[in-house]
2 protein chains.
Amino acid sequence: MKRTIETITYQQNTKVLATFAKALAHPTRIAILKHLENQSCCFTGDLVNVFPLAQSTISQHLKELKKAGLIQGELKPPKIKYCINTENWEKAKSLFQQFFD
Amino acid sequence: MKRTIETITYQQNTKVLATFAKALAHPTRIAILKHLENQSCCFTGDLVNVFPLAQSTISQHLKELKKAGLIQGELKPPKIKYCINTENWEKAKSLFQQFFD
DNA sequence: ATTGCTTATCGCAAATTTACGATTGGCTTT
DNA sequence: AAAGCCAATCGTAAATTTGCGATAAGCAAT
């Protein structure tokens, strides 16, 4: 990306909010989260049936959401049950809330 | 991006929310918007002094924010005054609000 | 008409994202 | 030990994003 000037340092909240926003920056991920809000939880396979996307693609989106901390996976062999990470969800909620006033 | 399956159609709100989220998905853009919230308005040049980024880079971020509808520019020759687009700001606010419940 | 100031746009390079199919890995059950 | 399921990861390709410097464009004042 060719950064010649020194790296910028942002406020912690700014960075965190940007991270959450990035996780929400794709319609599929929004849709997945909406699905999780309704169902409260679901398996990867369920989503593959809901969305016309390859299993690997769904898995990648889940990885993104997990990286942002918005969801968490629980081993339920042979499946994996994904749920919303309530703590971080509330964190995101309040960050967006206070950002928009 | 290699889409073999038919293009997905998302709910309108899902797409719009993702667009807003994408605009917020970079710390610099969050910081610009925070700046605009405080100052209510500002010129491109102001931001160039605030952030250690090239003028062209700032301009690009402003373009992104404008594309998402979160800000609007007003000609104030020889400068351009950027303000928050209140209507869309409220739209975004309510979309995030209802998304997080 | 020329100069000066401010901002947008162009051209490029590197990094990241999104998507797919194919393969691997983990855990049960046989 | 082998077979079966489900989900993650790998490898690849195309598109998009982010950043810069350089150049162009718009408008005011000289």
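Proteins get letters first, then strands, A, B, ... in listed order; numbering begins at 1 in each.
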Just to verify, what does A:Ser59 make a side chain to side chain donor-acceptor pair (under 3.5 Å) with, not counting sequence neighbours?
none
Could you list the protein-to-nucleotides 2-7 of chain C atom pairs, N/O on both sides, closer than 3.5 Å?
from  : atom 1 : to      : atom 2 : distance (Å)
C:dT7 : OP1    : B:Thr44 : N      : 3.3
C:dT7 : OP2    : B:Gly45 : N      : 2.9

With sugar-phosphate meaning primed atoms plus P, OP1 and OP2, does A:Lys22 contact a base, only sugar-phosphate, or nothing at under 4.0 Å between heavy atoms?
sugar-phosphate
Distance in angstrom units between B:Lys67 NZ and C:dT9 P, rounded:
13 Å
Contact between B:Tyr10 and A:His26 at the side-chain level, heavy atoms closer than 4.5 Å - yes or no?
yes
Report the distance from atom CD of B:Gln60 to atom P of D:dG21, rounded to the nearest whole Å.
13 Å
Can you tell if the side chain of A:Leu70 reaches within under 4.5 Å of the side chain of A:Asn85, non-hydrogen atoms only?
no
With heavy atoms under 4.0 Å as the rule, sort A:Glu64 into base, sugar-phosphate or nothing.
nothing
Quick one: do A:Val48 and A:Leu53 end up in the same hydrophobic cluster if we chain Ile, Leu, Val, Met, Phe, Trp and Tyr together by side-chain heavy atoms under 4.5 Å apart?
yes
Nucleotide of D:dG19, D:dT9, C:dT9 approaching B:His61 most closely (side-chain heavy atoms)
D:dG19
Identify which nucleotide among C:dG21, D:dC20, D:dA8 has an atom closest to any side-chain atom of B:Thr57, counting heavy atoms from C-beta outward.
D:dC20
Would B:Trp89 and B:Phe96 count as a close aromatic pair, with their ring centres under 6.0 Å?
no
Nearest-nucleotide pick for A:Leu62, side chain only, options being D:dA22, D:dT9, D:dA8
D:dA8
A:Ser56 side chain: which of D:dC20, C:dA19, D:dT9 is closest?
D:dT9
Between the side chains of A:Thr44 and A:Lys79, is a donor N or O closer than 3.5 angstrom to an acceptor N or O?
no
Under 4.5 Å between any side-chain heavy atoms of B:His35 and B:Val50, yes or no?
yes
Which sits closer to the 5' end of DNA chain D, B:Leu75 or A:Val48, going by the nucleotide each is nearest to?
A:Val48
Could you tell me how far apart B:Lys76 (NZ) and C:dA8 (C1') are, to the nearest whole angstrom?
20 Å
Whole-Å gap separating C1' (C:dA19) and CG (A:Leu47)
17 Å
Nearest-Å distance, NZ (A:Lys63) to C1' (D:dA7)?
13 Å
Quick one: A:Leu65 CG to C:dT17 P, roughly how many Å, whole number?
13 Å
How many Å lie between NE2 on B:His26 and P on D:dT17, as a whole number?
12 Å
Expressed as a whole number of angstroms, how long is the span from A:Ile58:CD1 to C:dC20:P?
8 Å
